[in-house]
Amino acid sequence: MAFSSTSVLFVLLFCLTSAKQPKYPVILVPGDGGSQLFAKLDRPTVPHFYCSQKTAEYYNIWLDLEELAPVPIDCFVDNMKLRYNRTTHTSHNAEGVDIRIDSFGETQTVEWLDPDRLSHDVPSLAYFYTLVEMLVAHNYTRNVNIKGAPYDFRRAPNELGDFYKNLTRLIEDTYVENGNSPMVMVAHSMGNPVMLYFYNHMPLAWKNKYIRAHIALAGVWAGAVKPIRLMTSGDSLGVIVVSPLTVRPEQRAMPSTAWLMPSTRLWNSSEVLVITEHRNYTVSDYQQLFKDINYTDGFMLWQDTKDLIIDLQAPQVEVHGVHGYGLPTPGVLKFKSGGFPDTYPDTIPDDGDGTVNIRSLEAFLGWEAKQKAPVKHLVLKGAEHMAILKDPRTLDYVLNFLFGGGR
Ligand SMILES: *[C@@H]1O[C@H](CO)[C@@H](O)[C@H](O)[C@H]1NC(C)=O
Ligand SMILES: *[C@@H]1O[C@H](CO)[C@@H](O)[C@H](O)[C@H]1NC(C)=O
Ligand SMILES: *[C@@H]1O[C@H](CO)[C@@H](O)[C@H](O)[C@H]1NC(C)=O
Ligand SMILES: *[C@@H]1O[C@H](CO)[C@@H](O)[C@H](O)[C@H]1NC(C)=O
Ligand SMILES: *[C@@H]1O[C@H](CO)[C@@H](O)[C@H](O)[C@H]1NC(C)=O
Ligand SMILES: *[C@@H]1O[C@H](CO)[C@@H](O)[C@H](O)[C@H]1NC(C)=O
């Protein structure tokens, strides 16, 4: 009986990676929606009699599937929705709502979307869990040399100052706890531009000391067309069936949604992004778009955030960009006659990973010429935006970097 090529590969990988102790601590940085958030309420008013006005303790507001059931979802939306102050250009929670990150640094905050153990039978709710389990099987220990860096993903980097402070301390502490070993950062989706902003603001000597490499999974470096759908019709969140219009007020009010709209750096004024009966919109028409959907706060949110990483300045850390391609990804949103903006648009597909357009996934490649630290690229045919976190090709690559080439 002959060995299959898979088992030969397995033996090779095993020899490369076995019987070794972890050298680099790993810190996981989630994407949009990938951090658990906890809320405490003491509200003067609520939208419906069935919404809780006051809670004794913090409860899990993101993500709890029960909160997204048809009746409580209006309560959820009102509690999660940020309010924008046009004078100070800052966003704040509704009066009487406190939303916080719990257990910063612990992996459980980013392993599952819904921390309720019962929901762990729903495999689609696993987030960094598969990667963490693989590392644990290779002698990594949760919260010792593998950690999580959750943040309030509703916000863009201009409002993540406390997160960046915590992250800096987490990295410095983890370095010391692990015998002065630099980190390997593993970020997903929006976690990548969030980290780029961080690298752009940290001194080179600090990065050289503390960061061994950054592994970018499905990085949305320069926006994507999909967030325009959150702004216009609303989006059904993907996880379960919710009405886009119901969740739209919350999605629109997230500064991160505005920040992740297609960047003027990669899209130009001759490319139509939104087609409607009366007019079409390109990256040059955002002001008009927000006016026409009657959400002018959105244009201010976009102006506040559009330049945060517009130049895609090289991070000056070693980067491994891993992303999928070959999947139909929203390229242009096409609204039916009379259906703008309140009905779900059709999409004219672009190449990408199902969520992020290929040009944005690849936008880091320019750094090869702009920094000394290596820039590596791994493209995975058909690796979907979320599924890439569990893709065996991703897991092998990470493992091989940590125990093979990266040593
Ligand atoms: C984990 O560490 C033990 C003890 O040093 C070693 O025998 C084992 O091979 C390691 N396992 C892996 C998968 O590296
Ligand atoms: C916005 O912030 C300013 C300055 O803190 C404050 O005076 C004003 O009342 C706020 N506006 C709203 C609508 O909350
Ligand atoms: C920062 O860390 C502190 C202490 O662990 C925690 O109380 C706080 O919620 C964290 N804030 C953010 C934004 O991560
Ligand atoms: C706009 O982008 C398209 C597609 O990338 C390109 O073909 C076209 O030449 C660009 N137009 C301008 C004016 O830069
Ligand atoms: C919008 O763009 C589509 C496709 O490019 C084009 O067929 C249509 O004429 C445009 N509509 C307007 C109002 O410009
Ligand atoms: C626009 O929004 C405001 C406030 O949300 C609302 O009062 C108004 O009726 C809306 N106008 C249209 C034309 O939808």
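Everything quoted here is computed from the prediction, not taken from an experiment. One-based numbering along the sequence shown. Numbering of ligands and ligand atoms starts at 1, following listing order. Side chains are part of it too, since the values below use all heavy atoms of this structure and drop only hydrogens, waters and symmetry mates.
- In this structure, ligand 2 sits under 4.0 Å from heavy atoms belonging to Asn85, Thr88.
- Between His385 and the choices Asp353, Thr329, Thr355, the side-chain hydrogen bond (donor to acceptor under 3.5 Å, both in side chains) rule is met once, by Asp353.
- On a distance-only criterion, Arg279 and ligand 5 share no N/O pair closer than 3.5 Å.
- Without hydrogens or angle criteria, Asp42 side chain to Gln53 main chain gives no donor-acceptor distance under 3.5 Å.
- Close approach to Ile101 involves these atoms of ligand 3, each under 4.0 Å from a residue heavy atom: 9 (O).
- Distance alone, capped at 3.5 Å, is enough to place a donor-acceptor pair between the Glu384 side chain and the Ala387 backbone.
- When the options Arg229, Lys226, Gln251 are evaluated for a side-chain hydrogen bond (donor to acceptor under 3.5 Å, both in side chains) with Asp235, the one that passes is Arg229.
- The N/O atoms of Asn166, backbone and side chain alike, include one that comes under 3.5 Å of an N/O atom in ligand 3.
- Taking the side chain to side chain contact (heavy atoms under 4.5 Å, CB included) definition, one finds that Ile275 meets it with Val272, Asn280, Val332, Lys334, Ile348, sequence neighbours left out.
- Side-chain atoms of Arg43 never come within 3.5 Å of backbone atoms of Val97 as a donor-acceptor pair (strictly under, hydrogens ignored).
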Practice item. Show your reasoning for whether side-chain contact (heavy atoms from CB on, under 4.5 Å) applies to Phe340 and Ile293. Key: CA-CA 8 Å; Phe340 177 73; Ile293 66 172; 3.5 Å; yes
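- Listed by number with element, the atoms of ligand 3 under 4.0 Å from a non-hydrogen atom of Phe104 are 14 (O).
- A donor-acceptor contact shorter than 3.5 Å is absent between the side chain of Arg212 and the backbone of Met183.
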